[in-house]
Each structure stands twice: as C-alpha cells, then as structure tokens.
Number of protein chains: 2
Amino acid sequence: MDAVFMALADATRRGMIHRLSEGPATIGELGRPFAISKPAVTKHVKMLERAGLVTRRKDGRVHHCKLNAKPMKEAEDWIEKHRKFWEGSLDRLASLLDEPERE
Amino acid sequence: MDAVFMALADATRRGMIHRLSEGPATIGELGRPFAISKPAVTKHVKMLERAGLVTRRKDGRVHHCKLNAKPMKEAEDWIEKHRKFWEGSLDRLASLLDEPERE
DNA sequence: GTTATTGTTAACACTATGGTTAACAGTGTG
DNA sequence: CACACTGTTAACCATAGTGTTAACAATAAC
C-alpha cells in the first residue's frame with residue numbers, strides 16, 4: 001500500500017498512468033511527454049511496477065507496459081472507507097436510533 | 001495532489017487517519033498507538049495538515065485534530081477515473097458502435 | 001511559584017527520491 | 001559487420017523524508 005500511494009505521489013508517474021489509462025505504451029512513449037532523461041523514465045516505471053500498477057512485456061528491444069487496476073482499486077477502497085467517516089457517523093447514529101438494542 | 005498521496009504513503013499516517021475517521025483526536029492520542037517520539041508525531045501531523053487532510057484547533061495546550069474529507073475525495077476521484085481504463089475502453093468501443101458519426 | 005503536561009523547534013543521522021551523465025546490453029537495419 | 005535504436009545499470013549529486021535527543025514554550029495544576 002505504501003508503494004502504491006508513493007507511486008501516485010509524483011506528477012510524472014501520474015502522467016504515465018494517465019497515458020496508460022488510454023492503452024499500453026512503450027517506455028519511450030511513457031517518457032516522451034516529460035523533459036527527463038531515459039534513466040529517469042526507467043526509474044519511474046520501475047516504481048510503478050514495484051507498486052504493482054504496471055506490468056511489462058518485452059518484445060524484441062521494446063518494452064510494452066500496461067496498467068494493472070488491482071492495486072489502484074485497493075488504494076481507492078482504502079480512501080473511500082476512510083473518507084466516509086462523516087457518513088459513517090451518520091450511519092452509526094441512525095443505527096442507534098433504529099436499533100437501540102443491537103450491540 | 002502530490003502532498004495528499006505522499007501523506008497516504010506512510011502506514012503511521014494512515015493509522016492516524018484511521019483513528020481520525022472515528023472522530024477528532026489530540027496529537028497525543030494520534031501518536032500513542034505508534035512507538036515513535038513526540039517530534040515524529042508532530043511531523044506526521046504536519047504532513048497531514050500540509051496535504052489538507054487534517055485541520056487543527058488549539059484549545060489551551062491541547063491540539064484537537066479532525067479529518068477533512070475534501071482532498072481524500074479528490075485523490076479518490078483521480079484514482080477512480082484512471083482505474084476505469086478498461087471500462088473506459090469498453091465505453092469508447094460502445095460509442096463507436098452506437099454513434100459512428102461522432103468525432 | 002514550582003511542577004507536570006502538551007506539543008513544538010533545533011540539530012543531527014540515515015535512507016530514499018529524483019535527477020543527471022557515461023557506459024553498456026540487446027535488438028533491428030543498412 | 002557497422003550503425004542506430006531501446007532501454008538498463010552504475011556512479012554520483014541534491015533534496016526530502018523519517019527518526020532520534022535535547023531544549024524550549026505554553027498551559028494546567030498544586
């Protein structure tokens with residue numbers, strides 16, 4: 001989870017994810033929009049992989065990357081669960097009003 | 001956005017958010033579950049504040065912290081938007097089938 | 001007015017990020 | 001074979017993150 005949020009905490013990597021959300025891309029394509037060197041691209045993609053957000057298939061000398069939704073889903077669920085603290089409070093209040101005998 | 005995901009990229013801070021999702025807490029209460037020093041707690045809370053996830057009200061010598069859902073919502077929306085690349089692909093395909101004249 | 005409590009600031013160490021350049025491995029292409 | 005292309009590794013630099021201890025500010029309590 002640390003790795004996922006860490007991977008998302010960088011505008012360049014979010015840009016790469018944005019690109020990948022439109023379909024697979026090569027390392028070169030992922031790095032092109034950003035004014036960074038090739039090793040920098042390698043590192044960013046490596047972090048995305050480490051977080052499980054991206055998988056890679058090597059085809060000749062070209063590496064094709066694609067997005068993996070699962071860790072994003074987990075991160076989203078975590079946020080959603082903890083974001084709804086207010087609704088949660090309302091729910092607990094409602095429970096008290098509706099079913100005062102429970103618990 | 002960087003600050004929000006960065007704030008979430010640490011288990012200690014996620015624990016603090018978890019605690020705050022159950023209601024306001026003091027700095028001491030936020031730090032107690034973790035085996036870290038007081039300055040470390042101060043820094044973590046400061047990062048949560050910097051990300052806009054937490055607001056603080058000083059009452060005497062005690063600082064009361066509470067969660068602010070807005071940045072969490074934005075982060076969640078970003079993920080959701082980019083997580084649905086597959087559904088998005090299906091949607092675009094459907095659009096092509098339904099309205100081939102558009103675009 | 002001491003003394004305890006709550007929290008912050010300052011100074012330091014260690015590690016990780018994000019970037020660079022230079023050199024290299026592997027794969028196509030003339 | 002020589003050359004260009006794609007991407008990685010190695011070595012380095014600067015900055016930021018995570019933690020510490022020690023000292024301090026401010027408030028509460030005796």
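Chain A is the first sequence line, chain B the second, and so forth, proteins listed ahead of strands; every chain is numbered from 1.
Proximity of A/L53 to A/M47: side-chain heavy atoms (C-beta onward) are nowhere separated by under 4.5 Å. Counting heavy atoms from C-beta outward, B/H82 and A/L20 have side chains that stay 4.5 Å or more apart. Under the 4.5 Å side-chain criterion, counting only non-hydrogen atoms from C-beta, A/M72 is in contact with B/W78. Two residues are said to be in side-chain contact when any heavy atoms from C-beta on lie closer than 4.5 Å; B/V62 and B/H64 meet this criterion. When side chains are defined from C-beta on, A/R19 counts as touching A/L30, because their heavy atoms get closer than 4.5 Å. The shortest distance between side-chain heavy atoms of A/H63 and A/T26 does not fall below 4.5 Å. The side-chain heavy atoms of B/T42 and B/H44, taken from C-beta on, include no pair separated by under 4.5 Å. Two residues are said to be in side-chain contact when any heavy atoms from C-beta on lie closer than 4.5 Å; A/C65 and A/T55 fail this criterion.
Of all the heavy atoms in B/M6 and A/A9, the pair that sits closest is N-CB, 3.5 Å. Minimum heavy-atom separation, A/D10 to A/T12: OD1-N, 2.8 Å.
When the P atom of C/dG19 is taken as reference, atom NZ of A/K43 falls 9 Å away, rounded to whole Å. Rounded to whole Å, atom P of C/dT15 lies 17 Å from atom CG of B/D10. Distance, A/I36 CD1 to C/dT17 P: 16 Å, rounded to whole Å.
Evaluation of the side-chain contact (heavy atoms from CB on, under 4.5 Å) rule for B/K43 yields no partner, not counting sequence neighbours. Under the side-chain contact (heavy atoms from CB on, under 4.5 Å) criterion, B/K70 pairs with B/N68, B/E74, not counting sequence neighbours.
Between A/S37 and C/dG19 there is no side-chain N or O to OP1 or OP2 distance below 4.0 Å.
B/A35 comes within contact range of the sugar-phosphate backbone alone, with a heavy-atom separation under 4.0 Å but no base atom that close.
Chain A approaches DNA chain D within less than 4.0 angstrom (heavy atoms of the protein), and the contacting nucleotides run 5' to 3' from D/dA4 to D/dA11.
Only A/H44, A/M47, A/R50, listed by number, bring a heavy atom of residues 44-55 of chain A to less than 4.0 angstrom from any atom of DNA chain C. Within residues 13-20 of chain B, no residue has a heavy atom under 4.0 Å from DNA chain C.
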Output one line per pair: protein atom, nucleotide atom from nucleotides 23-30 of chain C, and distance, for all N/O pairs under 3.5 Å.
residue : atom : partner : partner atom : Å
C/dT27  : O2   : A/R61   : NH1          : 3.0

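A salt bridge links A/D77 with A/K73: the closest approach of a Lys/Arg side-chain nitrogen to an acidic carboxylate oxygen falls below 4.0 angstrom.
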